[in-house]
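Beneath this line is the structure, given in structure tokens, with notes to follow.
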Amino acid sequence: MIKIETIEGQPFQDGIEVIKEIVEKRASLALFEPEVLKRLIQYTGGSLRDLFHVINASAKRAERRDSEHIVMEDAEYALEEVKTSLTRRIEEKEYQFLLNIYHGNKERIENKEMLLKMLQDSVVLEYNGKRWHNVHPLVVKFFKEQGCLK
């Protein structure tokens, strides 16, 4: 994972710029309408696999519309697909574990077995340097939609 925010939840611009550079080596940034790439980076949490999955899905959707540009609607559709895939991997009984991470338990390992499962399922993302983990932004979005978070 490439860190796109600090452990305190503030944007980490260096990481965001690195991701933009990686994307630019594979696709023209002109492909994206304004703010689309920023949103895709934000909601994929620094996971390059997820980012390129949503870029690819967004581009295919734009192509079906006979457009040369990925618009926000294309991006939102692709993000929704990934969110659905991620949230199928968790059960309601695991919500509290994930909410504990979201609310600040980003360094302590509360339940090693559960954390490993969540990491393997990409529901939790782990960042290097000072090792810490966080709930995938699309899972956070799901929790907000479900009323588990405000």
Side-chain angles (χ1 to χ4, degrees), residues 1-61 70 72 74-150:
M1 301 310 130
I2 297 174
K3 181 172 65 172
I4 62 163
E5 68 178 29
T6 65
I7 194 169
E8 296 83 18
Q10 299 303 312
F12 185 69
Q13 203 58 42
D14 290 348
I16 294 168
E17 291 304 318
V18 165
I19 292 175
K20 284 181 183 176
E21 289 173 19
I22 291 169
V23 170
E24 192 170 27
K25 290 183 185 297
R26 288 159 179 81
S28 169
L29 297 184
L31 175 67
F32 303 94
E33 292 272 314
E35 300 300 309
V36 170
L37 183 57
K38 178 180 176 183
R39 186 155 187 99
L40 293 176
I41 291 170
Q42 172 191 0
Y43 276 106
T44 54
S47 168
L48 293 178
R49 182 187 67 220
D50 288 350
L51 177 63
F52 282 103
H53 176 85
V54 294
I55 288 173
N56 188 44
S58 299
K60 285 179 181 176
R61 192 164 192 278
I70 296 173
M72 195 62 78
D74 301 323
E76 292 296 339
Y77 185 84
L79 288 168
E80 189 65 30
E81 285 181 346
V82 174
K83 182 181 74 168
T84 298
S85 174
L86 288 169
T87 56
R88 280 189 184 132
R89 301 172 195 172
I90 55 176
E91 299 178 55
E92 190 171 350
K93 66 183 181 182
E94 299 164 330
Y95 288 10
Q96 192 57 53
F97 176 81
L98 295 168
L99 290 169
N100 288 347
I101 292 172
Y102 175 80
H103 287 300
N105 186 19
K106 296 179 181 353
E107 295 177 274
R108 197 176 95 243
I109 298 174
E110 174 183 318
N111 178 330
K112 186 176 182 177
E113 190 175 303
M114 178 77 74
L115 180 59
L116 289 174
K117 177 191 181 302
M118 296 293 119
L119 287 167
Q120 288 172 339
D121 289 343
S122 298
V123 174
V124 170
L125 305 175
E126 186 172 66
Y127 301 95
N128 293 328
K130 177 183 175 186
R131 189 200 55 77
W132 61 282
H133 47 271
N134 206 357
V135 179
H136 194 294
L138 289 171
V139 175
V140 172
K141 186 175 192 287
F142 169 78
F143 282 155
K144 288 178 180 176
E145 292 166 354
Q146 297 301 306
C148 300
L149 288 171
K150 293 183 181 186

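Both backbone and side-chain heavy atoms feed into the values below; hydrogens, waters and symmetry mates do not. Nothing fancy with the numbering, it's 1 onward along the sequence. What you are looking at is a predicted structure, and each value in this text was computed from that prediction instead of being measured.
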What are the two closest non-hydrogen atoms of Val82 and Val54, and how far apart are they? CG2-CG1, 3.4 Å
Can you tell me how far apart SG (Cys148) and CD (Gln96) are? Round to the nearest 0.5 Å. 9.0 Å
I need the full list of salt bridge (charged side-chain N to carboxylate O under 4.0 Å, His left out) pairs touching residues 103-116, with sequence neighbours left out, sorted by first then second residue. Glu107-Lys130
Separation between CG (Leu48) and CE (Met1), nearest 0.5 Å, reads 8.0 Å
Test side chain to side chain contact (heavy atoms under 4.5 Å, CB included) applied to Ile16 and Ile4, step by step: CA-CA 5 Å; Ile16 294 168; Ile4 62 163; 3.9 Å; yes
Heavy atoms of other groups near Arg131 CZ, more than 12 under 6.0 Å: yes
Between CG of Leu138 and CD of Gln42, what distance do you get to the nearest 0.5 Å? 9.5 Å
Can you give me the closest heavy-atom contact between Leu79 and Arg39, atom names plus distance? CD1-CG, 4.3 Å
Contact check, side chains of Asp50 and His136, non-hydrogen atoms, under 4.5 Å: yes
Going through the distances and angles, do Tyr102 and Val139 end up as a side chain to side chain contact (heavy atoms under 4.5 Å, CB included)? CA-CA 10 Å; Tyr102 175 80; Val139 175; over 6 Å; no
How long is the span from the OG1 atom in Thr87 to the CZ atom in Phe142, to the nearest 0.5 Å? 5.0 Å
Any donor-acceptor N/O pair, Glu17 side chain to Asp14 backbone, under 3.5 Å: no
Quick test of your reading of the model: are Glu145 and Lys141 salt-bridged, counting only N-O distances below 4.0 Å? yes
Step by step, would you call Lys117 with Val123 a side chain to side chain contact (heavy atoms under 4.5 Å, CB included)? CA-CA 9 Å; Lys117 177 191 181 302; Val123 174; over 6 Å; no
Kindly indicate whether the side chain of Phe12, heavy atoms from C-beta on, has any atom under 4.5 Å from the side chain of Val18. no
Minimum heavy-atom separation for Ile90 to Tyr95, with atom names? CD1-CE1, 4.0 Å
Looking at CD of Glu35 and CE of Met72, how far apart are the two atoms once the value is rounded to the nearest 0.5 Å? 6.5 Å
Polar side-chain atom of Thr84 near backbone of Glu80 as donor-acceptor pair, under 3.5 Å: yes
Let me confirm one number: the NZ-NZ distance from Lys150 to Lys144, rounded to the nearest 0.5 Å. 13.0 Å
Apply side chain to side chain contact (heavy atoms under 4.5 Å, CB included) to Leu40 and Val23, showing your working. CA-CA 11 Å; Leu40 293 176; Val23 170; over 6 Å; no
Does any non-hydrogen side-chain atom of Ile70 lie less than 4.5 Å from one of Arg61? no
Taking every non-hydrogen atom, the tightest pair across Thr44 and Leu125: O-CD1, 4.0 Å
Quick one: does Met118's side chain get under 4.5 Å of Ile101's, heavy atoms only? no
Kindly give the heavy-atom pair with the smallest separation between Tyr127 and Lys3, and that separation in Å. CD2-CA, 3.7 Å
Shortest non-hydrogen separation from Asp121 to Arg89 and the atoms involved: O-NH1, 2.5 Å
